[in-house]
Amino acid sequence: MSLISIKSPGFINAVMSLAIKTLKVRYKNSLLGIFWSMLNPLLFLIILYIVFSQVANKNQELNYALYALSGLIFWNFISASILQVLTSFIDNGDILKSVNLHPVAFPFAAMLAAIFNLLLSFIPFFIILFFVGYDLNWSIISIIPYIIVTSVFITGLGMLLGTLNVYFRDIQLLWTTIMPAFFYFTPIAYPITLIPEKFRWLIKLNPFYYFIDSIHQIFHDGIFPSLENICVMLALSIAAIYIGYAIFIKLRKGFISNI
Amino acid sequence: MIKLSNVDIAFHIQENGFVSIKDFLLNLGKYSFLKKKYILKDVNLEIKKGECVGLLGKNGSGKSTLLRALSGIIEPTKGKIELNGRVAPLLGLGVGLEKELSGTENIKLLCALMGMTSKEIKELMPDIIAFSELGDAVNWQVKRYSTGMMSRLSFSIAIMKNPEILLIDEVLSVGDIGFQRKCLKKVQEIMDMGATVVFVSHSFEEVKRMCSRAVLVNEGKIEHDGTVEEVGEIYHNLFN
């Protein structure tokens, strides 16, 4: 058939163009541009600092601002990009119905736009990080494989939810309701030591724990992510992309009549 | 060449309008949830290279679905579609245009979505701008365009790659008379180069002017396939 698939020469250009379009539109009429993506985590940091100041003072080892801020930045990246991948099929419904581009381009483009956005926000992010006492060291290079593995996980999960969302729009509503709960269920702005030892296994059932804990290890502890984290993240990513892609391929024939 | 053999296209549609899990659960067992609805049933059609075929039919008869199937956007549920050649997309009015971006940026975007590489886009860009007659307006944000300007932009993008198979879904009836004539002339040019054209229109006059052969689609089936005059008569009788 004449479908423009992953193997076609123009596929990458199509995905890139969609991603760039998303970014251009997002910052078109804003004066502060990318700095907006820092304002939300900074505001949150102030609130959380007040709430968790007790913990912050008690634990000498903990640089709370550094710990919470790095967690918040990456949590925002993860939660926002899952939603963008999830809604990508419906957002591009018109294009999906009139251009013979393989629809897998839409989640890929949404993910790519989220990665570009994250990389751009690194500029203000690192300035603030140094300000709150971040020591630059070699562990920072692990951020590159980290972003790749995390993006694979997000794309898989988002594609799975996004495919189901074409048939049941509840998925999107359900997800936007659940995500704030996950914010508190994941040790993003509080250390896991705050949880009594006998309940910690519960936290470890949460897949997001491993992605955020790795970030704390890189930015706060200044070490490479632990072997446990790496193994779990890899397993989760492979499982997510495998299941997400399989479900998408199975159900994509019905997209045109349901969008 | 385009050849459809025994093509069925069916959609699973939610006949009772379920769009939420709550409705779905409440009505579980009362109705079957997804109904299989045939949009096209047992369609056989062969269009030779260089032919121009008009598709006529009532609203909802399956014409647009047939075009989507031809362009590869929908896969047939059953049967086989064979087609050789580069297909131009079915760009309806304003489809895929990003209103916040400029005309030029939209040309780049849509060409990319059609599978062109950035080199090809760069080469085609001046031709597209010239054909659209937008002049300085290509640098404006598309949200400031009039309806006619938007459709001129869409049409210019769709047609410029010199497609071998051109599928037209009622897009010619937009723009002023001058631009309509120009579009028809361009379609004629593309046909002269040996392209195959499938043309959906409710205007019998347009079909008569462009095509030598017409196909009447009714309730998902090909009711008649013949000369434009023959099909036109049956088509008009459908409404009497």
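What you are looking at is a predicted structure, and each value in this text was computed from that prediction instead of being measured. The figures here come from the full heavy-atom set of this structure, side chains too, leaving out hydrogens, waters and symmetry mates. Here is how names work: the chains are called A, B, and so on, in the same order as the sequence lines, proteins then strands, and each is numbered from 1.
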Trainee: Less than 4.5 Å to any heavy atom of chain A: does that hold for the side chain of B:I121, its backbone, both, or neither?
Mentor: side chain
Trainee: At a heavy-atom distance under 4.5 Å, which candidate from A:V25, A:I12, A:V15, A:D94 has the highest pair count against chain B?
Mentor: A:V25
Trainee: Which heavy atom of B:E98 sits nearest a heavy atom of B:V142, and at what distance?
Mentor: O-CB, 4.1 Å
Trainee: Going by ring pair (Phe, Tyr, Trp, His ring centres under 6.0 Å), name the residues that satisfy it together with A:F208, two or more places apart in sequence or in a different chain.
Mentor: A:W75, A:F182
Trainee: Without hydrogens or angle criteria, can the side chains of B:R144 and B:Q141 be said to hold a donor-acceptor pair below 3.5 Å?
Mentor: yes
Trainee: With sequence neighbours left out, write down each residue that passes ring pair (Phe, Tyr, Trp, His ring centres under 6.0 Å) with A:F44, or none if nothing qualifies.
Mentor: A:F183
Trainee: Examine whether an atom of B:E82 lies under 4.5 Å from a heavy atom of chain A, and if so say whether it belongs to the side chain, the backbone or both; otherwise answer neither.
Mentor: neither
Trainee: Can you name the closest pair of heavy atoms from B:L109 and B:G96 and give their distance?
Mentor: CD2-O, 4.1 Å
Trainee: Where along residues 16-24 of chain A does a heavy atom come under 4.5 Å of chain B, listed by residue number?
Mentor: A:S17, A:L18, A:K21, A:K24
Trainee: Identify, with sequence neighbours excluded, every residue that meets ring pair (Phe, Tyr, Trp, His ring centres under 6.0 Å) alongside A:F108.
Mentor: none
Trainee: Could you tell me if A:T186 and A:N206 have a donor-acceptor pair between their side chains, going purely by distance under 3.5 Å?
Mentor: yes
